[in-house]
Amino acid sequence: MKMRRYETRRGSASFFRAVRSELLRLRRSFLVPLHGVLSSVLGLAAGLYFAATPWDPLLGYDAFVQLLGAGAPLLAGIACGLALDAEREAGAYANLLGQPSRRRAFAAKGVTLLALGAFSCAIAIAAFSVAMAAADRALPAVSALALSWAGAVAGSVVSYALFLAAALAWGRNAAIGLGAFGFMCALASLGGLGNGLVTGTLSASLAPLWVMAVPFVWPARLASLTAEAFIAQGAYAAPLLANAQICSVICLIGTAAVVAVLLAASDRFETARRTGGE
C-alpha cells in the first residue's frame with residue numbers, strides 16, 4: 001500500500017514537471033501572442049459592434065459566445081497542428097515519443113494547450129464585456145459570464161485530445177482541417193451565425209437534442225445555454241438549465257471515454273517517419 005502511494009505521488013510529481021516544461025517552452029512560442037491577439041481583436045470587435053447597434057445586448061452576448069464556442073474547435077485544431085508541427089521540426093517528436101511515459105507527455109501537452117485556449121477565451125469575454133460596459137449596454141451577471149467561459153472550455157477538452165492525435169498521426173493540416181469542420185458543425189447546429197440574434201430566439205435551446213452527440217458542438221452549446229438561461233430567467237430558465245445539464249453529462253462521459261482511449265493508445269503509437277514509412 002505504501003509503495004502504491006509512493007508511486008502515485010511520484011507519477012503526479014512527474015506529470016506536473018512535464019506540464020511545467022511545456023509551459024516554459026510555450027512561453028517562447030508564437031502561439032501565445034497569436035492567441036492573445038486573436039481573442040482581443042475578436043472580443044473588442046464584437047463588443048464595439050453590439051455597443052453601437054440597436055440589437056438586444058443580451059442576445060448579442062448570446063450570439064458572441066455562440067461564435068466563441070463554435071470557433072473553439074478551429075482554435076484547438078490550429079493550436080494542436082502548429083504545436084505538433086513545431087515538435088516535428090525540433091526533433092521528430094522526440095519530446096513526445098522519446099519520453100519514458102508517452103502518456104504523461106501527451107497529457108501534459110494537451111493540458112498546456114487547453115490552458116492557453118481557456119486563457120484566450122477569458123480574454124475575449126473580458127474584452128467584449130469592457131466594450132459593452134463602456135457604452136453602458138446590458139450584460140449578463142458575472143456568474144453567467146463565468147459559466148459561459150467554463151462551458152466553452154469544458155466542451156473543448158475532447159477537441160484538443162482528438163486534434164493532438166490527428167496532428168501526430170496525419171500532420172498539421174489534418175488537425176486544422178478537422179477544426180474547420182468542427183467550426184461548421186457547431187454553426188450548423190445553431191442554425192447559422194447569428195440565427196438567434198436575427199430571429200430573436202434562444203437558438204441554442206431550440207437546437208435538436210441529438211446534436212449533443214457531436215463533440216464539436218459542445219463548446220458552443222454549453223456556453224450559449226448558460227447565457228440563455230440568464231436571459232430567460234424565472235420559470236422559463238428551468239428547461240434551459242435541464243438542457244445544459246444533459247449536455248454537460250454527455251460531454252463529461254464522452255470526453256472521459258475519448259481521453260482514456262487516446263491515452264491508453266499513446267504508448268503504442270509510432271509515426272510513419274519514425275518507423276520508416278512515407
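Atoms considered below: every heavy atom in the structure, side chains included; atoms not considered: hydrogens, waters and symmetry mates. What you are looking at is a predicted structure, and each value in this text was computed from that prediction instead of being measured.
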(request) Kindly say whether Ala223 contributes a backbone atom to a donor-acceptor pair with the side chain of Thr226 at under 3.5 angstrom? (result)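 Checked: pair present.
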(message) Quick one: does any side-chain atom of Glu228 pair with a main-chain N or O of Leu240 as donor and acceptor, under 3.5 Å?
(response) no
(request) From the options Ser148, Ser189, Ser203, select the one residue that forms a side-chain hydrogen bond (donor to acceptor under 3.5 Å, both in side chains) with Gln66. (result)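 Going through the options one by one, the only one that passes is Ser203.
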Nearest heavy atoms of [X] and [Y], plus distance in Å:
X      : Y      : answer
Leu59  : Gly200 : CD1-CA, 3.9 Å
Ala144 : Phe230 : CB-CB, 4.0 Å
Asp62  : Ser224 : OD1-OG, 2.5 Å
Cys80  : Ala167 : O-CB, 3.9 Å
Phe106 : Leu164 : O-CD1, 4.2 Å
Ser156 : Ala72  : OG-CB, 3.4 Å

(request) Please tell me if the side chains of Arg172 and Arg88 come closer than 4.5 Å, counting only heavy atoms from C-beta onward. (result) no
(request) Report yes if the side chains of Val258 and Pro215 come closer than 4.5 Å at any heavy-atom pair, otherwise no. (result) no
Would you compute the distance between atom [atom1] of [X] and atom [atom2] of [Y] and round it to the nearest 0.5 angstrom?
X      : Y      : atom1 : atom2 : answer
Ile231 : Tyr61  : CD1   : OH    : 9.5 Å
Leu113 : Leu84  : CG    : CG    : 8.0 Å
Asn173 : Leu178 : CG    : CG    : 11.0 Å
Leu58  : Arg137 : CG    : CZ    : 9.5 Å
Ser143 : Leu147 : OG    : CG    : 6.0 Å

(message) Show, in sequence, the C-alpha distance, side-chain angles and deciding distance for Phe163 and Phe181, and conclude whether the ring pair (Phe, Tyr, Trp, His ring centres under 6.0 Å) test is met.
(response) CA-CA 12 Å; Phe163 297 158; Phe181 175 72; 9.9 Å; no
(message) Going by side chain to side chain contact (heavy atoms under 4.5 Å, CB included), Arg221 matches just one of Val214, Val211, Leu190. Which one?
(response) Val211
(request) Please say which of Trp149, Tyr49, Phe64 ends up in a ring-ring contact (aromatic ring centres under 6.0 Å, His included) with Phe128. (result) Phe64
(message) Check for me, please, whether Leu116 and Leu82 land in the same ILVMFWY cluster - side-chain distances under 4.5 Å, paths through other members count.
(response) yes
